[in-house]
Structures are given as structure tokens and as C-alpha cells.
**Student:** 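One structure, as C-alpha cells, below. Some questions next.
The sequence lines fix the lettering, A, B, ..., with proteins before strands; numbering per chain opens at 1.
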There are 2 protein chains.
Amino acid sequence: MDTDRSADDLAVLPPITRRTLHAEVASRMRDLIIEGRLTPGARINEGLIGAQLGVSRTPLREAIKTLVSEGLVEIVPAKGAMVRVFSEEDVAQTLEALKIIEQNAGRLACQRASAADLARIQALHEQMLVMYENRQRLDYFKLNQAIHSAIVAASGNAILAELHTTLQARIKRARFVGNGEPEKWAGAVAEHIEMAQALARRDDEALAEVLGRHMDASFARVRYLFSAER
Amino acid sequence: MDTDRSADDLAVLPPITRRTLHAEVASRMRDLIIEGRLTPGARINEGLIGAQLGVSRTPLREAIKTLVSEGLVEIVPAKGAMVRVFSEEDVAQTLEALKIIEQNAGRLACQRASAADLARIQALHEQMLVMYENRQRLDYFKLNQAIHSAIVAASGNAILAELHTTLQARIKRARFVGNGEPEKWAGAVAEHIEMAQALARRDDEALAEVLGRHMDASFARVRYLFSAER
DNA sequence: TTCCCGCATGCTGCATGCAGCATACTTGAC
DNA sequence: GTCAAGTATGCTGCATGCAGCATGCGGGAA
């Protein structure tokens with residue numbers, strides 16, 4: 001019995017998560033792109049970036065292949081990799097796809113989410129409101145993204161959550177930059193309050209409606225970035 | 001003018017599409033997995049597969065990273081890559097996601113598709129019926145997939161098409177195997193006829209409805225594979 | 001001056017080398 | 001016979017070497 005006991009205790013130990021170098025590099029580069037330290041269109045010089053990250057070109061090249069599949073990087077044979085440039089149409093289509101995913105995941109979440117799921121989302125929502133009051137834009141933005149992700153996750157469909165994460169990463173930067181103006185910000189918060197209420201009532205149609213409106217407004221918030229470019 | 005003329009002629013030349021080795025390897029391995037020559041759970045021995053494909057381990061490893069992002073392969077650090085095993089729940093969730101994508105892309109297609117788009121889909125549909133009459137199961141299956149892809153593409157949203165392609169690839173094999181029985185086959189064909197009619201009328205709600213029903217039935221067609229396993 | 005050809009440089013793409021871990025086998029003790 | 005420790009083998013993961021292509025620059029001709 002004593003041995004069983006200790007074996008049980010050991011089974012509770014968190015497994016050592018061994019991260020391979022290429023996965024770590026992919027993670028780091030993802031952050032660099034989303035943070036804008038690697039700007040769209042920038043060439044990725046393997047020797048240079050590899051030296052800066054302190055890794056050889058092999059794991060770096062493997063990481064680049066991952067980012068290509070995620071849609072963050074493009075490769076031109078014999079020329080190399082570059083950070084993907086998103087046109088206005090790309091962003092519009094990505095937001096349309098995100099809208100579809102969020103609306104339908106939201107409906108499912110109203111039907112399937114546990115009480116604990118709902119409570120957790122509600123807590124994120126409250127926190128986000130505080131960040132809005134304090135005008136802590138970065139923290140607000142992160143909580144905002146977390147809420148949307150949590151709603152999709154509450155659908156119970158891991159595939160939808162996976163697609164949502166990938167698409168969200170692609171246009172994360174544009175959305176952060178595009179969300180700067182105060183009146184737009186206030187509008188987004190108002191929509192979030194509606195979302196929280198609909199979700200609390202498990203009112204799937206109301207949630208889908210406001211999620212759709214929220215995403216349409218999100219596109220409007222981002223759109224001017226492109227008109228300003230010209 | 002003469003030089004302009006010849007320059008114009010040259011501009012018409014199809015560009016030489018240079019395929020990198022790792023992309024070619026990824027494509028080949030994708031086929032091997034979908035065709036079932038690399039079975040789920042099978043370890044991918046880099047030396048062995050590399051030798052069989054006639055490439056060194058480097059481009060092979062890069063291709064594996066691509067397939068991991070596509071969800072066809074899994075990597076365990078220090079142990080290696082293996083063909084991903086899909087549980088019944090994985091397949092159910094993937095089909096649910098595909099259902100959402102197809103229904104919504106179908107609605108958009110009814111609104112946005114050009115007459116040429118519709119004609120092309122209709123032509124595929126007619127061909128597929130011929131294959132069904134002749135009981136050419138493989139050709140039927142390929143046309144079937146092509147029709148669904150064409151409907152999603154006709155939405156005009158390239159992102160939705162991309163997601164659809166990726167998800168479809170993951171469970172392609174299960175769907176092919178699960179579609180074997182005659183009465184199920186007949187039911188699927190009946191649904192396809194409904195789809196073609198709804199699309200011709202640009203009746204978005206009717207199309208979404210039958211697409212949903214088609215996907216639910218598809219899950220039923222696949223489900224028994226898992227019950228048989230136990 | 002302008003255009004074009006040729007050359008040099010730098011980078012990518014792939015092959016290979018090498019260390020370290022996982023796994024299977026063997027040997028020895030009980 | 002069984003179990004455990006030690007050992008050997010094979011594979012992965014990363015680093016490095018090398019050939020070939022892209023690109024920028026200089027020189028020469030028109």
C-alpha cells in the first residue's frame with residue numbers, strides 16, 4: 001500500500017514539458033511578428049535572425065515552415081522567407097471567417113457551456129471593464145482577445161477554437177493598431193456588455209447577433225488603416 | 001512597336017513554377033497519409049522515408065513541420081513524428097466545423113457567385129451523377145469533394161476555402177472508407193441533387209439546410225467505423 | 001549619359017556530421 | 001524463472017558544409 005501511495009503521488013507530478021528548439025523559435029518569431037518587430041514584407045535573413053536568437057539555421061528554417069502554414073510568413077523559392085503582407089481584402093475575408101466562427105461557436109456555447117465556463121468568461125469581462133475604466137489599452141486588448149477565445153472554447157469544439165486562434169493571430173496586430181480611437185473603443189465596450197448579458201441568459205440568437213455586429217464594427221475600426229496608407 | 005509586341009508575347013509565357021523539395025515532399029506525404037499508405041499511429045522514420053523518397057532528412061523534416069501545422073502529423077520530442085490518430089470525437093468536431101463552414105460559405109455563394117461559378121459547379125454535379133450511375137466510387141468521391149470545395153470557393157472568401165481544404169484533408173480518408181455502403185451512397189446522392197437545385201435557385205436558406213443535413217448524415221456514415229473498432 | 005553584359009558577393013536549399021536520448025537486448029543476481 | 005541493472009543500437013535534433021541561384025556593382029559599348 002505504501003508503494004501504491006507514493007506511486008499515486010508521483011503520478012500527480014507535472015510532466016517535464018520538453019520544448020524542442022524549433023517550436024521555441026516558432027513561438028518567439030510569432031511574437032516578433034505580432035508585436036510588429038518583424039514588419040510585414042520584411043525579409044527574414046536566416047543567418048541574421050538565427051544569430052540574434054542564438055540558434056543555427058536548421059531549427060530556424062523548421063520554425064519558418066510552421067509559420068508559413070499558419071499564414072504569418074511566405075516563402076519564395078530561392079529568394080527566402082518574408083513576413084506576410086495582408087491586403088485590405090485579406091483582412092476583410094479573415095474577419096468574415098472569424099465572424100462566422102464566433103457566431104456559430106457562440107450559439108453552441110449558449111447550449112453547451114458549463115456554469116463554470118460562463119462564470120470564467122463573466123470574470124474576464126468584469127476585469128476587462130476595469131481595464132477600460134483605467135484606460136489600460138494593452139491589458140484591455142489582451143482580455144478582449146481572451147474573452148473571444150473563451151467563448152469559442154466554451155463551444156466545446158476544439159477544432160473551432162484552433163481555427164479561431166490561428167486566424168486571430170494573423171490579424172492581431174492590425175486590430176490592436178486599429179482600435180486606437182476613443183469613440184470606437186467605447187462602442188466596442190458597449191457591444192461587449194451586450195455579449196456578456198446574452199451569454200448569461202444563454203440567449204444564442206442574441207449572442208450571435210451582437211457578435212456579428214461587433215465583428216462588422218471591428219472591420220470598420222481596422223479599415224481606415226488601409227485608406228490611410230494610400 | 002516590334003519589341004513591344006514580342007515583349008507582350010513573352011509576358012504571356014507561363015512562369016516557371018519552381019517547387020522546392022520540402023514542398024514536394026510535404027505534398028507526397030500528404031497523399032501517402034490520405035491514401036492510407038501511412039496509417040494513423042505509424043511512426044515516421046526519417047531515415048527510412050527519406051531514403052524511399054530519395055531525399056535527405058533535412059527537407060523531409062521541414063515537410064513534417066508543415067504537416068504538423070496542418071494537423072496530419074504529431075511530433076513527440078526526442079521520439080519523433082507519427083501519423084496523427086483521430087478519435088471519434090476529433091472526427092465529430094471536425095465535421096461540425098466543416099458543417100459550419102460549408103453552410104455559411106454556401107449562403108454567401110448564393111449571394112455572390114457568378115453565373116460561371118454556378119455553371120461550373122452544375123457541370124461537376126452532372127459528372128458526379130454519371131460516376132454514381134457507373135458505380136465508379138473513387139471518381140465519384142473525388143468529384144464529390146470537388147463540388148463541396150467549389151461551393152465554398154464560390155463564396156468568394158479565400159480564407160474559408162483554405163480552412164475547408166485543411167479540415168477536409170484531415171478526415172478525407174475516414175470519409176472515403178465510411179462511404180462504402182450502397183444505401184448510404186444513394187442517400188448522399190439524393191442530398192446532392194437537392195443541393196444543386198437550391199444553388200441553381202440561389203436559395204441560400206435551402207442550400208444551408210441541405211448542406212447541414214448532408215454533413216450530419218456524413219457523420220452517421222463515418223461513425224460506425226469507430227464502433228466497429230472496439 | 002545610358003544601357004547592358006559580366007562578375008562578385010551573399011543568401012538560400014539541401015546534404016551530412018555529430019551528440020544525446022529512447023529503446024531493446026543481454027547479463028547477472030536472487 | 002524473474003527481475004533489474006547495464007549495455008548496445010538506432011533514431012532524433014541540431015550544427016555545419018557546400019553547391020547553386022539572386023542580386024548589386026562595375027566596366028564597356030552605343
**Student:** Any side-chain N or O of A:Arg61 under 4.0 Å from OP1/OP2 of C:dG13?
**Tutor:** yes
**Student:** Report yes if a side-chain nitrogen or oxygen of B:Lys79 is closer than 4.0 Å to either non-bridging phosphate oxygen (OP1 or OP2) of C:dT23; otherwise report no.
**Tutor:**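 Result: yes.
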**Student:** Is it the case that atom CZ in B:Arg37 sees more than 12 heavy atoms from other parts of the structure closer than 6.0 Å?
**Tutor:**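 Open: at most 12 neighbouring heavy atoms sit under 6.0 Å from CZ of B:Arg37.
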**Student:** Where the side chain of B:Arg175 meets the backbone of B:Phe141, is there a donor-acceptor pair that is under 3.5 Å apart?
**Tutor:** no
**Student:** Assign each of B:Val76 and A:Pro77 to its nearest nucleotide of DNA chain D by heavy atoms, then name whichever residue's nucleotide is nearer the 5' end.
**Tutor:** B:Val76
**Student:** For a quick test of reading the model: is some side-chain N or O of B:Arg57 closer than 4.0 Å to OP1 or OP2 of C:dA15?
**Tutor:**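 So the side-chain polar atoms of B:Arg57 never come under 4.0 Å of the phosphate oxygens OP1 or OP2 of C:dA15.
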**Student:** Closest-nucleotide mapping onto DNA chain C: is B:Arg43 or A:Gly47 further toward the 5' terminus? I mean the 5' end.
**Tutor:**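 Its nucleotide being nearer the 5' end, the pick is A:Gly47.
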**Student:** Which is true for A:Ile44 with a 4.0 Å heavy-atom rule: it touches a base, it touches only sugar-phosphate, or it touches nothing?
**Tutor:**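 Here A:Ile44 touches the backbone only, sparing every base.
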**Student:** Are A:His148 and A:His214 close enough that their ring centers fall under 6.0 Å?
**Tutor:**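 Ring centres of A:His214 and A:His148 closer than 6.0 Å.
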**Student:** Does B:Arg112 reach the main-chain N or O of B:Ser155 with its side chain, forming a donor-acceptor pair under 3.5 Å?
**Tutor:** yes
**Student:** Choosing from C:dC11, D:dC14, D:dC11, which nucleotide comes nearest the side chain of A:Asn45?
**Tutor:** C:dC11
**Student:** What is the distance, to the nearest angstrom, from the CD atom on A:Glu46 to the C1' atom on D:dC14?
**Tutor:** 15 Å
**Student:** Tell me the interatomic distance from B:Ile16, atom CD1, to D:dA22, atom C1', rounded to whole angstroms.
**Tutor:** 15 Å
**Student:** Rounded to whole angstroms, how far apart are CD1 on B:Ile75 and C1' on D:dT12?
**Tutor:**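 It works out to 10 Å between those atoms.
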**Student:** What about B:Thr58: does its side chain form a donor-acceptor pair under 3.5 Å with the base of C:dT16?
**Tutor:**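 Present.
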**Student:** Rounded to the Å, how far apart are B:Leu21 CG and C:dT16 P?
**Tutor:**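 Value for this atom pair: 12 Å.
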**Student:** If you measure from OG on A:Ser218 to CZ on A:Arg223, what distance do you get to the nearest 0.5 Å?
**Tutor:** 12.5 Å
**Student:** Just how far, in rounded Å, is P of C:dG13 from NZ of A:Lys65?
**Tutor:** 6 Å
**Student:** Is it true that B:Glu70 and B:Arg30 have a side-chain N and a carboxylate O under 4.0 angstrom from each other?
**Tutor:** yes
**Student:** Nearest to the side chain of A:Ser56, heavy atoms from C-beta on, is which of D:dT16, C:dG13, C:dC11?
**Tutor:**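 Closest nucleotide to the A:Ser56 side chain: D:dT16.
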**Student:** Whole Å only: how far is the CD atom of B:Glu24 from the P atom of C:dG13?
**Tutor:** 15 Å
**Student:** Between D:dG13 atom C1' and A:Leu60 atom CG, what is the distance in whole Å?
**Tutor:**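 Atom CG in A:Leu60 sits about 15 Å away from atom C1' in D:dG13.
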**Student:** Identify each atom pair where a protein N or O and an N or O of nucleotides 19-21 of chain C are less than 3.5 Å apart, giving names and distance.
**Tutor:**
from, atom 1, to, atom 2, distance (Å)
C:dC21, O3', A:Arg18, NH1, 3.4

**Student:** Please report the distance, rounded to the nearest Å, between CD1 in B:Ile64 and P in D:dC11.
**Tutor:** 14 Å
**Student:** Do B:Glu126 and B:Gln122 have side-chain atoms, one donor and one acceptor, less than 3.5 Å apart?
**Tutor:** no
